[in-house]
Each structure stands twice: as C-alpha cells, then as structure tokens.
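Quick note: numbers below take in every heavy atom, side chains included, and nothing from hydrogens, waters or symmetry partners. Just so you know, ligand 1 is whichever comes first in the structure, and atom 1 is the first atom listed for that ligand.
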Amino acid sequence: MTMEQRNEAKQGVPMLRLKGVRKSFDGTEVLHGVDLSVDAGEVVAILGPSGSGKTTLLRCANFLERADAGTLELAGERHDLATTRPREMADVRRRTGFVFQGYNLFRNRTVLGNVCEGLVTARKMPRAQAEERAHACLRRVGMDDRCDAYPVQLSGGQQQRVAIARAMATDPEIIYFDEPTSALDPELTGEVLAAMRQLAEDGMTMLVVTHEMAFARDVADRVVFMEDGRVVTEAPAREFFERPANDRIRAFLRMAGGTTA
Ligand SMILES: Nc1ncnc2c1ncn2[C@@H]1O[C@H](COP(=O)(O)OP(=O)(O)OP(=O)(O)O)[C@@H](O)[C@H]1O
Ligand SMILES: [Mg+2]
C-alpha cells in the first residue's frame with residue numbers, strides 16, 4: 001500500500017491516539033493523564049516549556065519509558081501502555097519511526113549501511129532490495145551522493161538527514177521527532193527542516209516536538225501546547241500563532257520568537 005492509500009484507508013480513525021498517559025519518576029508525576037491524537041497524514045507539533053513532559057510523552061509512546069497508565073491506539077489497534085508485552089512493543093516499534101535529537105547512527109557503518117540495517121535485520125528484506133529502498137530514501141533527503149561515507153565524515157545536519165532517511169525506510173505509519181534540530185548549528189537547521197517539510201508534503205504522519213516556531217507555523221497542521229505534564233491548549237497551527245488562546249501562550253510565543261502579537 002502506498003502512503004496515500006494508507007492515509008485514505010485510515011480516514012476517520014486517528015493514526016495515533018494516546019489516552020490518559022501518566023508517568024512518574026521517583027514518586028513525582030510528570031505526565032498527568034495526557035490525551036493526544038494525530039490523524040493520518042497530519043503533522044502535529046508539540047510545543048511547551050522545558051520540563052513540560054514532551055520528551056517523556058514520546059518516549060512512553062515508543063516504550064522507551066514505561067508509562068504508569070494510559071493507552072495507545074495505532075491505526076485503531078489498542079495497547080495498554082502500562083502492561084504492553086515485549087512482542088506487542090516490538091510490533092508497535094516496527095510500525096513507527098523515531099528521530100532523536102542526537103542522530104544515533106551506527107558509527108561503524110556507512111550511510112547506506114545505516115539505512116539498510118533495520119530493513120535487513122528486522123524486516124528480513126533481501127540485501128539488494130534493502131539497498132534499493134535505502135538509496136531512494138537517501139535521495140529524498142539529498143544524501144544519496146554520500147551513501148558510502150561514515151557518520152563521522154558528515155556534518156550534524158547531514159547525519160540528521162540520514163537519520164530521517166532511516167526512519168522513512170521502514171515505511172512507518174507515523175514518525176516521532178524529538179527536537180531534531182536542537183543540537184545543530186543554525187546554518188544546518190534549514191536543511192533538516194527542509195527534509196522534514198518534504199516528508200510532510202509526501203503525506204507522512206508526523207508528531208514533532210520542536211522549538212522551531214517557523215516550522216510549527218508553516219508545516220504543522222495542528223499545535224499541542226504542553227505545560228507541567230498536561231496538554232493545556234490545542235489548536236490549528238495558524239490559529240495557535242495568529243490568535244493565541246491566552247496570555248500564557250502569548251508569553252511563550254514571545255519568548256520563543258514565534259510572534260510578538
Ligand atoms: N529519567 C528521568 N528521571 C527522573 N526525572 C525525569 C527523567 N526524565 C525526565 N524527567 C523529568 O520529567 C519532567 C519532564 O521532562 P521531559 O524531558 O519530558 O521534558 P521536555 O518537555 O522534553 O523538556 P525539554 O524542552 O527541556 O526537552 C522533568 O521534570 C524532568 O526532570
Ligand atoms: Mg525534551
């Protein structure tokens with residue numbers, strides 16, 4: 001199934017729905033029952049101050065942290081986050097992609113090897129087919145001409161584009177991004193955002209934690225604003241920026257350089 005066909009098939013059922021997600025660390029609750037959903041083909045940006053729980057939420061959604069309560073529905077299939085079994089976790093992970101702040105590429109593998117790895121080992125795809133797919137994904141992010149390079153030979157922006165190609169390669173139902181540009185020099189941020197914009201235009205379903213207000217405004221369909229472990233505001237992106245719901249959002253946007261309105 002192509003991405004478009006899949007998105008059409010999912011009309012009416014959110015691609016991702018998180019309900020009542022709770023998480024404590026050392027007796028302190030940092031997620032107080034978060035609800036969030038992302039439709040097929042939709043790009044949702046999560047904004048919010050440092051420490052509001054954005055990373056923890058994404059990590060719970062991908063079982064990198066074990067939530068204390070809550071459910072995750074992926075294309076309508078429901079999983080209890082607190083009790084999900086390893087096999088279920090592996091299945092959900094196989095159907096989702098994750099792009100971290102630090103690129104997490106294998107240092108001892110080439111660019112092509114990094115993108116192929118998961119296809120060959122986890123998907124059991126024949127090597128030749130995996131390479132073909134990897135080249136296609138690398139072309140999408142403008143990195144195929146560096147397919148024989150090792151990560152250490154690349155800039156941070158280039159490494160992050162490879163990480164995006166790797167996430168795309170497995171044809172996930174949704175890709176989570178956690179501040180994919182925050183470790184980059186400003187001049188390298190643009191190329192990574194351009195690769196993400198391309199992915200969004202291709203119809204990929206994306207949930208993006210970002211401090212890049214321009215990206216959220218221009219590329220996201222919807223903004224979810226978190227504070228103190230809760231979703232406090234949710235709005236179409238344009239409305240979120242042009243008609244901030246309250247003084248708190250206005251102050252946040254001023255600080256983040258989103259607008260001075
Ligand atoms: N492994 C951990 N152990 C203990 N506390 C943690 C752990 N991870 C996160 N926290 C706490 O949970 C809260 C939410 O952290 P989280 O990293 O999710 O915030 P964030 O919104 O991603 O912030 P930032 O914008 O700075 O990345 C914070 O108070 C943080 O100190
Ligand atoms: Mg974070």
Side-chain angles (χ1 to χ4, degrees), residues 16-38 43-72 81-82 84 89 92-93 96-105 156-157 159-160 163-164 167 174-186 188-189 192-193 196 206-217 219-220 222-235 237 240-241 244-246 248-259:
L16 174 76
R17 182 191 291 248
L18 295 168
K19 268 195 206 160
V21 182
R22 292 183 177 272
K23 174 68 184 170
S24 297
F25 289 111
D26 312 318
T28 305
E29 196 172 75
V30 302
L31 294 178
H32 307 292
V34 174
D35 298 338
L36 184 157
S37 72
V38 186
V43 178
V44 172
I46 304 181
L47 307 184
S50 183
S52 55
K54 306 179 299 292
T55 294
T56 305
L57 182 67
L58 290 194
R59 289 176 59 85
C60 286
N62 223 17
F63 308 108
L64 296 166
E65 294 294 350
R66 174 66 90 171
D68 301 321
T71 58
L72 174 153
L81 288 171
T84 321
M89 284 187 203
V92 171
R93 283 214 191 100
T96 57
F98 208 120
V99 178
F100 297 87
Q101 183 176 331
Y103 336 108
N104 300 89
L105 298 177
Q159 291 184 54
Q160 195 62 306
I164 292 171
I174 182 169
I175 303 182
Y176 305 114
F177 295 82
D178 189 6
E179 296 193 39
T181 60
S182 62
L184 300 177
D185 292 336
L188 298 179
T189 298
V192 173
L193 294 179
M196 292 171 64
M206 297 161 66
L207 181 58
V208 185
V209 171
T210 184
H211 288 156
E212 295 289 338
M213 295 302 130
F215 178 83
R217 193 178 47 218
V219 181
R222 199 150 48 84
V223 171
V224 167
F225 185 78
M226 285 184 68
E227 186 153 49
D228 296 333
R230 291 190 171 82
V231 171
V232 293
T233 302
E234 211 183 306
F240 182 86
F241 288 99
N246 53 51
R248 176 65 194 100
I249 307 278
R250 258 188 291 277
F252 174 82
L253 290 176
R254 260 198 304 278
M255 291 279 292
T259 177

Study note, to complete from the structure: Looking only at heavy atoms, the pair that brings Val99 and Ala167 closest together is CG2-CB, 3.8 Å
Check your understanding: Which ligand 1 atoms does Val30 reach within 4.0 Å, using its non-hydrogen atoms?
Key -> 12 (O), 13 (C)
Point to revise | Protein contact to atom 17 (O) of ligand 1 [nearest heavy atom, distance to 0.1 Å] | key: Thr55 CB, 3.7 Å
Exercise for review: Check Lys54 against Pro49 and note the closest heavy-atom contact, atom names and distance.
Suggested key: NZ-O, 3.0 Å
Only distances under 3.5 Å count here; give the side-chain donor-acceptor pairs of residues 228-235 to other protein atoms, sequence neighbours excluded, each with its distance to 0.1 Å.
| unit_1 | atom_1 | unit_2 | atom_2 | d |
| --- | --- | --- | --- | --- |
| Glu234 | OE2 | Arg222 | NH1 | 2.5 |

Review point. If you measure from each heavy atom of Gly48 to ligand 1, is any distance below 4.0 Å?
Key: no
Point to revise | Geometric N/O contact Asp26 with ligand 1, under 3.5 angstrom | key: no
Revision key, fill the gap. Looking only at heavy atoms, the pair that brings Ser37 and Val44 closest together is O-CG2, 4.2 Å
Revision key, fill the gap. Across all chains, not counting sequence neighbours, the side-chain contact (heavy atoms from CB on, under 4.5 Å) partners of Asp68 are Lys23, Ser24
Review point. Of all heavy-atom pairs between Phe241 and Val223, which one has the smallest distance, and what is that distance?
Key: CE1-CG2, 4.0 Å
Review point. So, is Gln101 placed with an N/O/S atom under 2.8 Å from the Mg ion (ligand 2), counting both backbone and side chain?
Key: no
Practice item. Give the contacting part of His211 toward ligand 1: side chain, backbone, both or neither, where contact means a heavy-atom distance below 4.0 Å. Key: side chain
Revision key, fill the gap. re atom 9 (C) of ligand 1, the protein heavy-atom contact at minimum distance is Phe25 CE1, 3.5 Å
Check your understanding: Do any N/O atoms on Glu65 end up under 3.5 angstrom from N/O atoms on ligand 1?
Key -> no
**Study point:** ligand 1 N/O within reach of Gly53 N/O, cut-off under 3.5 Å
**Key:** yes
Point to revise | atom 21 (O) of ligand 1: nearest protein contact (heavy atom, Å) | key: Lys54 NZ, 2.8 Å
Exercise for review: Taking all heavy atoms of Gly156 and all of Leu184, pick out the closest pair and write down the distance.
Suggested key: C-CD2, 3.3 Å
Check your understanding: Are any of the side-chain heavy atoms of Thr189 and Glu212 separated by less than 4.5 Å?
Key -> yes
Check your understanding: Distance below 4.0 Å between atom 31 (O) of ligand 1 and any protein heavy atom?
Key -> no
Exercise for review: Any atoms of ligand 1 less than 4.0 Å from a non-hydrogen atom of Gly51? List them with their elements.
Suggested key: 13 (C), 14 (C), 19 (O), 20 (P), 21 (O), 23 (O), 24 (P), 26 (O), 28 (C)
Study note, to complete from the structure: side chain to side chain contact (heavy atoms under 4.5 Å, CB included) test vs Leu47 passes for just one of Val208, Val209, Thr210, namely Thr210
Study note, to complete from the structure: Within 4.0 Å of some non-hydrogen atom of Thr56, the atoms of ligand 1 are 9 (C), 14 (C), 15 (O), 16 (P), 18 (O)
Review point. Can you name the closest pair of heavy atoms from Ala237 and Arg217 and give their distance?
Key: CB-O, 4.3 Å
Practice item. Mark up the atoms of ligand 1 that fall under 4.0 Å of a heavy atom belonging to Glu179, in ascending order. Key: 25 (O), 27 (O)
Review point. Tell me: protein heavy atom nearest atom 26 (O) of ligand 1, and distance?
Key: Ser50 OG, 2.5 Å
